[in-house]
Amino acid sequence: MRIARFLAVAATFSFVSVSTASAQTIKIGSKNFTEQFVVAELYAAALEGAGFKVERKINLGGTLVAHEALKSGAIDLYPEYTGTGLNAVMKAQGVTETDPEKVRGMVKAFYEKEFNLTWLKPSGINNGYAIVVRPDTAKEYGLKTLSDLGKASSKLKLGAGAEFVDRRDGIKGLKEVYGAEFQEFKQFAALRLRYDALTQKQVDVANGFSTDWQIAAEKFIALEDDKSLFPPYYLAPVVRPDIAANEKVVAVLEKVGAALDNPTMQELNRQVEVDKKEPRTVAANFLKSKGL
């Protein structure tokens, strides 16, 4: 009889514990581009699968909009990049550190001290700048690294975004570190326009990002940053303290992160932008395929 009572009480406490966890609504945000939509949906669907209630606040805007939403409590977490935390939030553009763990440590310590926010374990995605060329250009000029590009740059046309002009991890840095001075610079606001221009041979070199689907689809060559100009941009959830303290939530988010790398993210981005699938559908299908 006593054993039966004990089991009944234990079952009650177990039910209360699960119900309490499930009752917590987690507000997930994202910035305003495809990869962010997909990753936020991955977080949301995985947490829902673990019994949590989720409120989606996707497509908030740029970095500082999402950051302010997190600080104010309008959202509980969103996916961010260590290099963005370093450059856009810390405004530490003079920092030349490129070791991924050291950069993560710097931004984590800064966020905890200044904002009472923290970074969880990073995923396998490093979505930093990629300097890409067509295969024929790489072959003609013997391009494998950015050092090679620096030597050939005077014969090549560069296509890049407006933000690439003044940043150290942009044209200024390419000149300073690699001696690159291009024959011509053409500015394209939209990323897809840079890739179109590269395909159509309007430019010879373009700046993109490591998880752009076009790199694999068009067999573009991403040149090696052999002198470490670009900081690492590892993707991780940035979260409020109550989320960081919830071991179950953290475990779910880190399982999602562990399943992601650059080739995987390129394919998920492609499914949204080329196949025109909804980010929520792409995320759900991927999680199912991974048993998550």
Side-chain angles (χ1 to χ4, degrees), residues 9-61 63 65-82 84-85 104 107-108 111-112 115-125 234-261 264-265 268-269 271-272 277-292:
V9 171
T12 300
F13 275 113
S14 175
F15 175 75
V16 170
S17 175
V18 172
S19 296
T20 301
S22 300
Q24 181 181 2
T25 299
I26 301 172
K27 295 169 286 187
I28 298 177
S30 86
K31 294 193 275 186
N32 55 352
F33 54 92
T34 298
E35 181 163 297
Q36 286 271 311
F37 305 157
V38 173
V39 175
E41 289 288 1
L42 288 169
Y43 292 163
L47 286 168
E48 286 173 334
F52 291 93
K53 294 180 181 177
V54 169
E55 182 179 350
R56 291 165 171 81
K57 296 194 173 185
I58 292 171
N59 197 11
L60 291 172
T63 297
V65 175
H67 177 64
E68 288 299 323
L70 188 62
K71 282 170 57 181
S72 71
I75 58 175
D76 296 309
L77 65 98
Y78 80 97
E80 187 55 281
Y81 306 89
T82 53
T84 303
R104 178 177 176 268
V107 295
K108 187 173 187 291
Y111 273 61
E112 289 173 354
F115 311 124
N116 194 29
L117 304 172
T118 195
W119 290 67
L120 301 185
K121 185 177 179 180
S123 69
I125 294 171
Y234 278 90
L235 179 72
V238 184
V239 305
R240 295 183 59 78
D242 55 328
I243 298 298
N246 190 318
E247 292 181 1
K248 187 177 180 183
V249 174
V250 171
V252 171
L253 294 173
E254 291 186 349
K255 281 182 181 178
V256 172
L260 298 172
D261 56 22
T264 298
M265 201 66 239
L268 299 181
N269 288 337
Q271 289 179 28
V272 174
K277 295 180 181 178
E278 288 296 322
R280 188 176 298 193
T281 302
V282 171
N285 289 342
F286 176 74
L287 291 173
K288 288 175 184 174
S289 75
K290 297 294 181 180
L292 296 174

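For this chain, numbers begin at 1 and follow the sequence in order.
Between the Lys108 side chain and the Leu117 main chain, no donor and acceptor come within less than 3.5 Å of each other. Between the side chain of Arg104 and the main chain of Tyr234, no donor-acceptor pair closer than 3.5 Å is present. Remark: side-chain polar atoms of Arg240 are paired, donor with acceptor, to backbone N or O of Lys71 under 3.5 angstrom. Without hydrogens or angle criteria, Thr281 side chain to Lys277 main chain gives no donor-acceptor distance under 3.5 Å. No donor-acceptor pair under 3.5 Å is formed between the side chain of Ser123 and the backbone N or O of Ala236. Lys255 places no side-chain N or O within 3.5 Å of a backbone atom of Leu292 that could act as its donor or acceptor partner. With hydrogens and angles ignored, the 3.5 Å screen pairs a side-chain donor or acceptor of Lys27 with a backbone N or O of Gly73.
Using a 3.5 Å distance cut-off with no hydrogens or angles, the side chains of Tyr78 and Glu80 do pair a donor with an acceptor. Between the side chains of Glu55 and Thr25, not a single donor N or O lies within less than 3.5 Å of an accepting N or O. Residues Tyr81 and Glu35 have side chains that bring a donor and an acceptor to within less than 3.5 angstrom of each other.
Looking at heavy atoms from C-beta onward, Ile125 lies out of side-chain contact with Asp261 at the 4.5 angstrom threshold. Residues Val256 and Leu287 have side chains in contact (heavy-atom distance under 4.5 Å, counting atoms from C-beta outward). Looking only at side-chain heavy atoms (C-beta outward), Phe37 and Asn59 come within less than 4.5 Å of each other. Taking 4.5 Å as the limit, every side-chain heavy atom of Ile28 sits out of range of all side-chain heavy atoms of Lys57. The shortest distance between side-chain heavy atoms of Val249 and Ile26 falls below 4.5 Å. Residues Glu112 and Trp119 fail the side-chain proximity criterion, which asks for heavy atoms closer than 4.5 Å. Looking at heavy atoms from C-beta onward, Leu60 lies out of side-chain contact with Ser30 at the 4.5 angstrom threshold. Contact check for Tyr43 versus Val54: no side-chain heavy atoms found under the 4.5 Å cut-off.
Taking CG of Leu47 as the start and CD1 of Ile243 as the end, the distance is 8.0 Å to the nearest 0.5 Å. Here the CG-OG1 distance, from Asn269 to Thr34, works out to 6.0 Å after rounding to the nearest 0.5 Å. Going from atom CG of Leu268 over to atom CE of Met265 covers 4.5 Å, rounded to the nearest 0.5 Å. Summarising the geometry, atom CD belonging to Glu254 is positioned 10.5 Å from atom CD belonging to Glu247; distances are rounded to the nearest 0.5 Å. Atom OG1 of Thr63 is separated from atom CD of Gln36 by 7.5 Å, given to the nearest 0.5 angstrom.
Closest approach of Lys121 and Pro237 over heavy atoms only: O-CD, 3.9 Å. The two residues Ala244 and Val250 make their nearest non-hydrogen contact at O-CG2, 3.6 Å. The minimum heavy-atom distance linking Leu70 with Val238 is given by the pair CD2-CG1, 3.4 Å. Closest approach of Ala40 and Gly29 over heavy atoms only: CB-O, 3.8 Å.
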One pair to check against salt bridge (charged side-chain N to carboxylate O under 4.0 Å, His left out): Lys53 and Glu48. What are the steps and the verdict? CA-CA 6 Å; Lys53 294 180 181 177; Glu48 286 173 334; over 6 Å; no
